[in-house]
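Written below as structure tokens is the structure these notes are about.
Nothing here was measured: the structure is a model prediction, and the numbers come from that model.
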Amino acid sequence: MRGPLPPGEIPQFILPRGTGEAAQIQRQLRDKVVLQGNPAGLRFLAALDASHPTRFSRQQGASVAAAVLWDREAAKVVEVATAAVDATGLFPYVPGFLSFREIPAYLEALARLSSPPQLLLVDGQGVAHPRGLGIASHLGVHLDLPSIGVAKRLLYGHPEGELAEEAGRAVRLMAKGAQIGWVYRSRAGVRPLYISPGHRVGMLESLELIRSLVGRTRLPEPLRQAHLEAGQLRRRLNEAV
DNA sequence: GCGACAG
DNA sequence: ATCTTGTCGC
């Protein structure tokens, strides 16, 4: 598969049988995570978001993903790629194992971009995860690309103190005496975001990069666009039935 | 045994 | 995540 993905070999993404095997994979891959690097000078990033049918919905289980290529210099979307893969063999949603459900569609969407991203923005946790390998870290390590996780809800860790209501403020997200991410108030009066480095990005740098992408809404603009694109594709598939 | 729990 | 219109509020 020729594609936009980084030079070098892209390993086959293995789907484990159950959570025990999945956790083993996570513990193995977490040691490859590099929590250092400055993405400030990178121009092209890909924002990723997914959409799934309800468990009780009889609409054919399609795992839908959108990859939005974003030019930081122009502050614009330059390309959109989507994918819909059969969700039959995928994991159900289980907290802590999101990557085994969503990464297959992400890989397909990324492969359809005509030019490679230098950084990945993923809807979910980076290293702020019980085993240190949230979906952003997993995908970053798999593709050997810098990545950052942006989650709308907490999965793991404890905010250090109270977060002021003022836009732009952040407090550290802690676990076992160490910082694993940030709780970030992107806009005044909205629920905070949970930011954590995925791979090859430093702790402070992950926050600053996200700060540079926030516009008038709660989510950083590239991720907001990816969310809209995934939702649109979901709608189209629904009415096609 | 009791909470917590990305999407 | 998904099913969904109008409506309350800054």
Can you identify which nucleotide, out of [options], has its nearest atom closest to the [X] side chain?
X: A:L154; options: B:dA6, B:dC5, C:dT2; result: B:dC5
X: A:P95; options: C:dT2, B:dC5, C:dA1; result: B:dC5
X: A:R153; options: B:dG7, C:dA1, C:dT2; result: B:dG7
X: A:E102; options: B:dG7, C:dT2, B:dA6; result: B:dG7

Legend entry - Distance-only side-chain donor-acceptor flag, A:E221 / A:Q225, under 3.5 Å: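 Present: a donor and an acceptor within the cut-off.
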
Inset, instruction - Decide whether A:T82 and A:E229 meet the rule of one side-chain donor and one side-chain acceptor closer than 3.5 Å. - result: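 No donor-acceptor contact under 3.5 Å links the two side chains.
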
Roughly, in whole Å, what's the span from [atom1] in [X] to [atom2] in [N]?
X: A:H227; N: B:dA6; atom1: NE2; atom2: P; answer: 16 Å
X: A:R187; N: C:dC10; atom1: CZ; atom2: C1'; answer: 12 Å
X: A:F97; N: B:dA4; atom1: CZ; atom2: P; answer: 20 Å
X: A:D123; N: B:dG7; atom1: CG; atom2: P; answer: 6 Å
X: A:Y106; N: B:dA6; atom1: OH; atom2: C1'; answer: 10 Å
X: A:R216; N: C:dC10; atom1: CZ; atom2: C1'; answer: 16 Å
X: A:H138; N: B:dG7; atom1: NE2; atom2: C1'; answer: 16 Å
X: A:W182; N: B:dA6; atom1: CH2; atom2: P; answer: 23 Å

Legend entry - Over 12 foreign heavy atoms within 6.0 Å of CZ, A:R153: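 No, because the 6.0 Å sphere around CZ of A:R153 holds 12 heavy atoms or fewer from other groups.
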
Inset, instruction - Might you confirm whether atom CZ of A:R187 has over 12 heavy atoms from other residues, nucleotides or ligands at distances under 6.0 Å? - result: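 Above 12, so yes.
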
Inset, instruction - Using a 4.0 Å heavy-atom cut-off across all strands, classify A:G189 as base, sugar-phosphate, or nothing. - result: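 Nothing, no heavy atom under 4.0 Å.
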
Legend entry - Ion pair A:D49/A:R224, N-O distance below 4.0 Å: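 No, no charged N to carboxylate O under 4.0 Å.
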
Legend entry - Distance below 4.0 Å between A:K152 side-chain N/O and B:dA6 OP1 or OP2: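 For A:K152, the contact criterion (side-chain N or O under 4.0 Å from OP1 or OP2 of B:dA6) is not met.
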
Legend entry - Side-chain N,O (A:S51) to OP1/OP2 (C:dT2) below 4.0 Å: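 Looking at the OP1 and OP2 atoms of C:dT2, one of them is under 4.0 Å from a side-chain N or O of A:S51.
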
Inset, instruction - Check the geometry between A:Y93 and B:dG7 and answer yes if their rings are stacked (centres below 5.5 Å, planes below 30°), otherwise no. - result: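 Yes, A:Y93 stacks on the base of B:dG7, since the ring centres sit under 5.5 Å apart and the planes are within 30°.
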
